[in-house]
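The block underneath contains the structure these notes are about, expressed in structure tokens.
Numbers restart at 1 for each chain; the letters A, B, ... are given by sequence-line order, proteins then strands. Worth knowing before you read on, the calculation uses all heavy atoms, side chains too, and leaves out hydrogens, waters and symmetry mates.
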Amino acid sequence: MPVGTAASVKGVLHRNLREDVGAQIILANTYHLYLRPGRDVLENAGGVHRFSSWDGPVLTDSGGFQVFSLAGCRKITEEGCRFSSHIDGSKHLFTPENVIDTQRIIGADIMMAFDECPPGNAPFDYASRSLELTHRWLERCFGRYRATAPKYGYAQSLFPIVQGCTYPDLRVKSAEFVQQFDADGYAIGGLAVGEPAPVMYNMIEVVNAILPAGRPRYLMGVGTPVNILEAIDRGVDMFDCVMPTRNGRNGMLFTSEGVINIRNEKWKNDFSPVDPAGCCFVDTVYTKAYLRHLAISGEMLAAQIASMHNLAFYMWLVQRAREEIAGGGFAAWKREMVEKLSRRL
RNA sequence: GGGAGAGUACCAGAGUGGCCAAAUGGGGCAGACUGUAAAUCUGCUGACGUACGUCUUCGGUGGUUCGAAUCCAUCCUCUCCCA
């Protein structure tokens, strides 16, 4: 997902993030043209393409998750991670140091530490050793981070990532460890990677009881609208996820009334708006029946509309969450929304 | 008028005596997708039954055979070539 969203109202403003944090944070490698048509220009910075016209914060991932999803054609060592390109077989090496260098070049406002993301069912022994490695890598990331300067005249933050799989004591250990770096924000990684949702929620609670409430807490790679509301309820401020765009491309719509598989025949003659909440112009310009027709016909426009809708819906959801938090009605609103959002239409 | 060929499930299209309820693709129906190797992947798709299974299908009809989508006869329809 291109857009991350700072959701909570509690103290997420800090020196590197603009006042409108809580609006949008864009990952550098994705489709922000969906959001800001006409504003993006691709330029080459130090051999790396960078979007220069986006005026919101840019967040880049380190490649830690790629390493995780590459399992099979990669080798993790103390030095870093060697892997082969699935495209041409060429060999590459990610290290905590070169990953920081790359993110500097891209010009990310928020850079992520290089970590190992073990699977959700990792045994304790492996999880523990992995965590130690991630912590050693984190020290190296900050070493390089402090030894280098921002490249484009504005500050670049580096967020550590709390790991520890599904083991509360490892999570506690990690959450305590990362604070020594006095970072601008902290990420929670290694969740929604196969473990049951209640376990994920529990880990968030464990970690957020330790991470400073005055700095953004970023839950990486999560998730469904319900996941996000549950995480906000547990003190998470920022998210990013492929779900609204990938699932959108594959015909799944998240709406204020529930989840829709737009390819289902039941929408064939449904000429109602995509989402009555109307979070985005596509919701009211297009009907479910038309969107279904486009999806069934394999038209690219279906993927575009669905992605736009889902992104707008996610933005709408966290916008509403902020309002409810500010107004003191979050708990009740969340209960109601979780019920709705769990619905399959 | 003469000659050649073809008709198979929703569509296209394999199959040319038993291993065929019938390959494959499309379409249809559903599901999956969580720090993007993903405009992707998976399942089902004649009827009835959870299932072992049973029944009805390969243009129509009638034959040959223990057995036919496959062989024969005939009818119908379509395509192409020559006049």
Side-chain angles (χ1 to χ4, degrees), chain A residues 1-5 25-32 34 59-74 83-90 92 99 103 108 110-120 134 159-163 185-197 199-201 204 217-231 236 238-254 259-268 292-308 310-311 314 344:
Chain A
M1 167 191 177
V3 177
T5 322
I25 291 173
I26 294 298
L27 295 183
N29 60 349
T30 45
Y31 319 93
H32 69 276
Y34 282 149
L59 184 153
T60 52
D61 194 14
S62 61
F65 193 75
Q66 267 60 40
V67 168
F68 164 70
S69 57
L70 245 45
C73 51
R74 57 146 215 227
F83 62 95
S84 302
S85 164
H86 67 282
I87 295 169
D88 61 4
S90 57
H92 300 272
V99 143
Q103 295 183 90
I110 300 173
M111 309 189 289
M112 298 308 302
F114 188 56
D115 65 339
E116 188 193 356
C117 179
T134 286
F159 283 19
I161 303 172
V162 172
Q163 285 290 352
Y186 296 91
I188 305 169
L191 291 178
V193 285
E195 81 287 359
V199 172
M200 169 169 75
Y201 299 149
I204 295 169
R217 296 149 163 175
Y218 164 31
L219 179 58
M220 304 189 75
V222 177
T224 66
V226 170
N227 288 161
I228 286 175
L229 292 186
E230 294 294 352
V236 173
M238 291 170 54
F239 303 89
D240 79 284
C241 191
V242 304
M243 194 168 270
T245 48
R246 177 183 293 169
N247 288 31
R249 288 196 300 279
N250 295 332
M252 184 180 236
L253 300 177
F254 299 99
V259 175
I260 288 176
N261 180 346
I262 198 61
R263 291 185 320 232
N264 288 175
E265 191 178 31
K266 69 179 80 160
W267 310 116
K268 193 170 193 170
R292 174 181 187 274
H293 161 257
L294 291 175
I296 295 295
S297 308
E299 286 288 344
M300 192 61 210
L301 183 56
Q304 294 175 305
I305 292 171
S307 294
M308 289 178 78
N310 282 346
L311 290 173
Y314 270 56
R344 190 96 194 188

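Ring centroid separation for the pair A:Tyr186 and A:Phe159 does not come in under the 6.0 Å cut-off.
When the C1' atom is used for both B:rU61 and B:rG13, the distance is 27 Å, rounded to whole Å. Taking atom C1' in both B:rU57 and B:rC48, the straight-line distance is 15 Å, to the nearest Å. The gap from the C1' atom of B:rC10 to that of B:rG46 amounts to 12 Å, rounded to the nearest Å. On the C1' atoms, B:rG15 is 9 Å away from B:rU8, given to the nearest whole Å. B:rG63 and B:rC19: their P atoms are spaced 24 Å apart (whole Å).
The CD1 atom of A:Ile161 lies 8.0 Å from the OG1 atom of A:Thr134; values are rounded to the nearest 0.5 Å. Interatomic distance, A:Met238 CE to A:Ile228 CD1, rounded to the nearest 0.5 Å: 12.0 Å.
The CZ atom of A:Arg246 sits 13 Å away from the P atom of B:rC41 (whole-angstrom rounding). Rounded to an integer number of Å, the gap from A:Ile228 CD1 to B:rG35 P is 11 Å.
Base pairing of B:rG49: no nucleotide in any strand meets the Watson-Crick or G-U wobble criterion (both distances under 3.5 Å). Of all nucleotides present, only B:rG63 satisfies the Watson-Crick or G-U wobble test against B:rC71, with each distance under 3.5 Å. Across all strands shown, B:rA6 forms a Watson-Crick or G-U wobble pair with B:rU77, both key distances being under 3.5 Å. When both pairing distances are held under 3.5 Å, B:rA21 makes no Watson-Crick or G-U pair with any nucleotide shown. Both distances falling under 3.5 Å, in either a Watson-Crick or a G-U wobble arrangement, occur for no nucleotide opposite B:rA39.
Under the rule for a side chain to side chain contact (heavy atoms under 4.5 Å, CB included), the partners of A:Asn264 that lie at least two apart in sequence or sit in another chain are A:Asn261, A:Lys266, A:Trp267. For A:Ala231, the side chain to side chain contact (heavy atoms under 4.5 Å, CB included) criterion is met by A:Ile204, A:Leu219, A:Val236, A:Phe239, not counting sequence neighbours. Here A:Ser297 pairs with A:His293 under the side chain to side chain donor-acceptor pair (under 3.5 Å) rule; sequence neighbours left out.
Nearer the 5' end of RNA chain B, as judged by each residue's closest nucleotide, is the contact made by A:Asn261, out of A:Asn261 and A:Met220. Across the interface with RNA chain B, nearest-nucleotide mapping of A:Met200 and A:Gly298 shows A:Met200 to be the residue nearer the 5′ end.
The residue A:Gly64 sits apart from the nucleic acid: no heavy atom pair falls under 4.0 Å. The residue A:Met112 sits apart from the nucleic acid: no heavy atom pair falls under 4.0 Å.
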Between protein and nucleic acid, restricted to nucleotides 25-29 of chain B and to nitrogen or oxygen atoms under 3.5 Å apart, what atom pairs and distances do you find?
| residue | atom | partner | partner atom | Å |
| --- | --- | --- | --- | --- |
| B:rC29 | OP1 | A:Arg292 | NH2 | 2.5 |
| B:rC29 | OP2 | A:Arg292 | NH2 | 3.1 |

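Note on residues 293-307 of chain A: no pairs pass salt bridge (charged side-chain N to carboxylate O under 4.0 Å, His left out), not counting sequence neighbours.
Listed nucleotides: B:rU36, B:rU34, B:rA39. Nearest to the side chain of A:Gln66: B:rU36. Of all nucleotides listed (B:rC33, B:rG35, B:rA39), B:rA39 comes nearest to the side chain of A:Met300.
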With a cut-off of 3.5 Å and sequence neighbours excluded, list every side-chain donor-acceptor pair involving residues 110-119 of chain A.
| residue | atom | partner | partner atom | Å |
| --- | --- | --- | --- | --- |
| A:Asp115 | OD2 | A:Gln163 | NE2 | 2.7 |
| A:Glu116 | OE1 | A:Ser130 | OG | 2.9 |
| A:Glu116 | OE2 | A:Tyr126 | OH | 2.3 |

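Under 3.5 Å, the side chain of A:Gln163 and the base of B:rG35 form at least one donor-acceptor pair of N or O atoms.
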